[in-house]
Protein chains: 2
Amino acid sequence: MVVETELTDDEVDRIFRALADSTRRDIVRRTLTAESSVSELAAAYDMSFAAVQKHVAVLEGAGLVTKHPHGRERMVRGNPEAITRAQALLDAYEQIWRARIGRLDALLAETEE
Amino acid sequence: MVVETELTDDEVDRIFRALADSTRRDIVRRTLTAESSVSELAAAYDMSFAAVQKHVAVLEGAGLVTKHPHGRERMVRGNPEAITRAQALLDAYEQIWRARIGRLDALLAETEE
DNA sequence: AGTTTCTACAACCATTTGGTTGTACGTTAC
DNA sequence: GTAACGTACAACCAAATGGTTGTAGAAACT
């Protein structure tokens with residue numbers, strides 16, 4: 001099954017931007033393994049609750065994480081689909097590269113004729 | 001062959017940060033297909049030469065692109081290896097996710113006993 | 001030699017980012 | 001009901017980002 005990505009430039013910006021911070025990458029890692037509340041996450045890092053809250057918001061904006069109310073806490077859950085989409089983006093670059101190799105091969109084959 | 005990545009947090013930051021801009025992604029696309037000078041690149045975008053120069057510098061800092069002097073111009077060449085490394089990073093997240101699925105499966109299998 | 005082309009780099013500016021503290025509000029526990 | 005907990009959100013701040021213009025040097029063309 002091929003996932004129809006159809007992402008706007010802005011969405012792609014947000015995905016990579018969100019991944020460009022080690023705290024945020026760590027939050028993705030954790031919440032991909034097991035969902036946890038914002039305060040649980042906040043306890044894990046040497047920064048204020050509000051700072052972690054902002055990181056979660058960035059991840060949420062990029063679709064890398066979803067938040068689900070559960071009583072007074074908000075459970076944060078990593079979204080594997082977004083990771084897959086990001087991978088698809090990088091795959092596209094690899095395709096471009098492979099296409100270039102293909103053209104070079106064709107060129108070499110031609111000179112051998 | 002498994003590529004030993006061993007990237008520092010800072011390097012990973014730079015790679016994703018560099019990819020979080022559509023102009024820069026476009027530069028990677030172009031230079032992955034065919035190397036081109038900084039001025040050739042600059043002509044392609046609606047911004048100053050200096051701005052494009054800065055974008056190239058960001059990409060170079062992330063290792064996504066390399067610059068090679070050729071007379072008075074600097075040829076910019078996309079680095080497919082860096083793309084591969086970025087892919088490896090995202091693969092790691094997918095592994096985490098798959099591991100979780102594995103644990104859930106194991107748990108379900110256990111309850112069936 | 002003089003001019004044009006390509007690049008490097010500094011200075012500057014507005015906006016965004018990543019952090020802080022403080023306040024307010026809903027939910028849970030006593 | 002009141003206290004404690006978890007969250008949301010605003011205001012603020014320093015640093016980084018993404019852009020600009022301007023100046024200067026190296027290489028190429030005539």
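Proteins come first, then strands; the chains are lettered A, B, ... in the order of their sequence lines, and each starts at number 1. Source: prediction; values computed, not measured.
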S.K.: Whole Å only: how far is the CE atom of B:M47 from the P atom of D:dT20?
M.R.: 7 Å

S.K.: Calculate the interatomic distance between A:M75 atom CE and C:dT27 atom P; express it in whole Å.
M.R.: 17 Å

S.K.: Under a 4.5 Å cut-off applied to non-hydrogen side-chain atoms, are B:T31 and B:M75 in contact?
M.R.: no

S.K.: State, with a plain yes or no, whether a side-chain heavy atom of A:N79 is found less than 4.5 Å away from one of A:V65.
M.R.: no

S.K.: Are A:I27 and A:H55 close enough that some pair of their side-chain heavy atoms sits under 4.5 Å apart?
M.R.: yes

S.K.: Summarise protein proximity over nucleotides 25-30 of chain D in one line of letters, 5' to 3': B for base, S for sugar-phosphate only, - for none, counting protein heavy atoms closer than 4.0 Å.
M.R.: --BS--

S.K.: Reading DNA chain C from 5' onward, which residue's closest nucleotide shows up sooner: A:D46 or B:K67?
M.R.: B:K67

S.K.: Quick one, which residues of residues 48-59 of chain A touch DNA chain C with a heavy atom under 4.0 Å?
M.R.: A:S48, A:A50, A:A51, A:K54, A:H55

S.K.: B:E35: which residues meet the salt bridge (charged side-chain N to carboxylate O under 4.0 Å, His left out) condition with it, sequence neighbours left out?
M.R.: B:R77

S.K.: Among residues at least two apart in sequence or on other chains, which ones pass salt bridge (charged side-chain N to carboxylate O under 4.0 Å, His left out) with B:R100?
M.R.: none

S.K.: Taking everything shown except B:H68 itself, do over 12 heavy atoms lie less than 6.0 Å from its NE2?
M.R.: yes

S.K.: Is the count of non-hydrogen atoms from other residues, nucleotides or ligands lying under 6.0 Å from B:R29 atom CZ greater than 12?
M.R.: yes

S.K.: Quick one: list whatever passes side-chain contact (heavy atoms from CB on, under 4.5 Å) with B:Q95, sequence neighbours left out.
M.R.: none

S.K.: Rounded to whole Å, how long is the line connecting atom CD of A:E60 with atom C1' of D:dA8?
M.R.: 12 Å

S.K.: What is the minimum heavy-atom distance between A:A18 and A:L64, and which atoms define it?
M.R.: CB-CD1, 3.7 Å

S.K.: Are B:R74 and C:dC6 close enough that a side-chain N or O sits under 4.0 Å from OP1 or OP2?
M.R.: no

S.K.: If you draw a 6.0 Å radius around CZ in B:R103, do more than 12 non-hydrogen atoms from other residues or ligands fall strictly inside?
M.R.: yes

S.K.: Taking only heavy atoms on the protein side, list every residue of residues 16-34 of chain B lying under 4.0 Å from any atom of DNA chain C, sorted numerically.
M.R.: none

S.K.: Between A:V52 and A:Y45, what is the shortest heavy-atom contact and its length?
M.R.: CG2-CD1, 4.2 Å

